[in-house]
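A short write-up of the structure that comes next.
Every value quoted in this text rests on a predicted model; they were computed, and no experiment measured them.
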Amino acid sequence: RQPYVGAVVLAAMAKDGKHQKAQVPNSCAFRRLYAFLSDSPEVTCDLAAEPVATLPDIVAFRQVVQPGIAKRGCYEISCHGSGSGGMQLNGVVEAQFAGWHDYLVLLARVEDRAQVEKSTLLQTARNKEPHGGGQRLGGAGDCIDQNLAKWLQGKPVQTCPAPPQPSGSDRRSSTRP
C-alpha cells in the first residue's frame with residue numbers, strides 16, 4: 001500500500017470499516033485532501049461552491065488516457081512509477097481505488113481547466129517546462145497528446161490506432177553498416 005493511501009483516505013472513501021458515507025472523489029474537499037496527502041500541487045477549488053465539480057470522465061481516463069500515457073513510459077520504474085519528480089503514478093492499481101490516484105494526481109497539475117494548454121501537466125509532458133523524462137507528448141498528429149488535452153477539456157476521446165509496422169526495407173536499411 002502506498003503511504004498516501006492511509007487511514008484518512010480510507011475513511012474519506014468509507015473503506016475503513018468505521019465510516020458509512022464516502023466523500024465524492026471529485027468533490028473539492030476530497031481533491032484537496034488527496035492532493036495534500038499525495039504531496040501533489042495544491043488543488044485550487046472553492047470549498048463553498050458546488051460540492052462536486054464537473055471533471056473529466058474517470059471511465060475515459062481508465063480506458064483511453066491511462067493506457068495512452070502508459071505507452072509513453074510514464075509508469076516505468078525509471079519515471080513516475082517510482083515517484084520521479086515528486087509525482088507517483090501507479091498504473092494498474094487495487095480494484096477498490098481503480099485509477100483514482102493517477103486521475104487525481106494528474107488533475108492536480110491542471111491549474112485552470114479553462115486553459116488546459118497552459119497547465120503544468122501538459123507543459124511538462126511536452127517538455128516546454130523542465131521534465132526530467134524529456135518530451136513524452138506533443139508533435140504533429142500525436143494522438144495520445146490530443147486525447148489527454150481533449151479529456152482535460154471534457155471532450156470525447158478515442159483509442160489511438162497502433163503505430164504502423166516497419167516494412168522489411170526499413171529494417172534492412174537501418175541495419176546496414
Side-chain angles (χ1 to χ4, degrees), residues 2-5 25-28 30-46 52-93 97-167 170 174:
Q2 301 294 334
Y4 44 79
V5 183
N26 59 342
S27 70
C28 178
F30 188 91
R31 290 184 298 124
R32 278 185 159 188
L33 172 66
Y34 202 88
F36 173 76
L37 293 174
S38 64
D39 199 27
S40 296
E42 182 178 356
V43 172
T44 54
C45 54
D46 186 358
V52 178
T54 302
L55 294 176
D57 182 23
I58 183 71
V59 175
F61 175 74
R62 290 181 192 143
Q63 293 176 351
V64 178
V65 176
Q66 198 171 27
I69 60 176
K71 288 178 183 174
R72 296 299 167 86
C74 302
Y75 292 113
E76 298 295 323
I77 200 73
S78 61
C79 199
H80 297 292
S82 66
S84 182
M87 184 169 78
Q88 172 79 41
L89 295 176
N90 294 335
V92 178
V93 297
F97 296 108
W100 276 110
H101 168 75
D102 294 353
Y103 175 88
L104 293 168
V105 166
L106 291 174
L107 284 179
R109 285 157 173 79
V110 179
E111 297 79 7
D112 182 354
R113 290 215 30 253
Q115 297 183 38
V116 298
E117 294 293 325
K118 294 181 179 181
S119 69
T120 301
L121 175 61
L122 288 180
Q123 293 294 305
T124 54
R126 292 171 175 165
N127 210 33
K128 293 185 180 189
E129 285 187 17
H131 181 238
Q135 183 173 342
R136 295 294 174 164
L137 299 175
D142 184 344
C143 178
I144 295 171
D145 178 272
Q146 292 167 0
N147 270 341
L148 180 58
K150 285 180 183 177
W151 172 75
L152 289 170
Q153 296 165 355
K155 296 177 181 175
V157 295
Q158 56 188 344
T159 303
C160 295
Q165 294 295 318
S167 69
D170 291 342
S174 66

Is a salt bridge present between R126 and E117, judged by a nitrogen-to-oxygen distance below 4.0 Å?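 Between E117 and R126 there is a salt bridge, with a charged N closer than 4.0 Å to a carboxylate O.
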Reported [atom1]-to-[atom2] distance for the pair [X] and [Y], which is rounded to 0.5 angstrom:
| X | Y | atom1 | atom2 | answer |
| --- | --- | --- | --- | --- |
| L122 | T124 | CG | OG1 | 8.0 Å |
| D145 | K150 | CG | NZ | 10.5 Å |
| R62 | Y103 | CZ | OH | 9.5 Å |
| I69 | L106 | CD1 | CG | 5.0 Å |
| S119 | L148 | OG | CG | 7.5 Å |

Run the side chain to side chain contact (heavy atoms under 4.5 Å, CB included) test on R72 and D142 for me, step by step, so that the C-alpha distance in whole Å, both residues' side-chain angles and the decisive distance to 0.1 Å come before the verdict. CA-CA 11 Å; R72 296 299 167 86; D142 184 344; 2.9 Å; yes
Around Q158, counting heavy atoms of other residues, nucleotides and ligands shown, do more than 12 lie under 6.0 Å from its CD?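 Counting other residues, nucleotides and ligands, CD of Q158 stays at 12 neighbours or fewer.
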What are the two closest heavy atoms between A60 and W151, and how far apart are they?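 That closest heavy-atom pairing would be CB-CD1, 4.0 Å.
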Shortest non-hydrogen contact between C160 and I144, atoms and distance: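 Closest approach of C160 to I144, heavy atoms only: SG-N, 3.5 Å.
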Less than 4.5 Å apart, any side-chain heavy atom of L107 and any of L152?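 With C-beta onward as the side chain, the pair touches.
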Checking R109 side chain against V105 main chain: does a donor-acceptor pair fall under 3.5 Å?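 Flag set: sc R109 to bb V105 pair under 3.5 Å.
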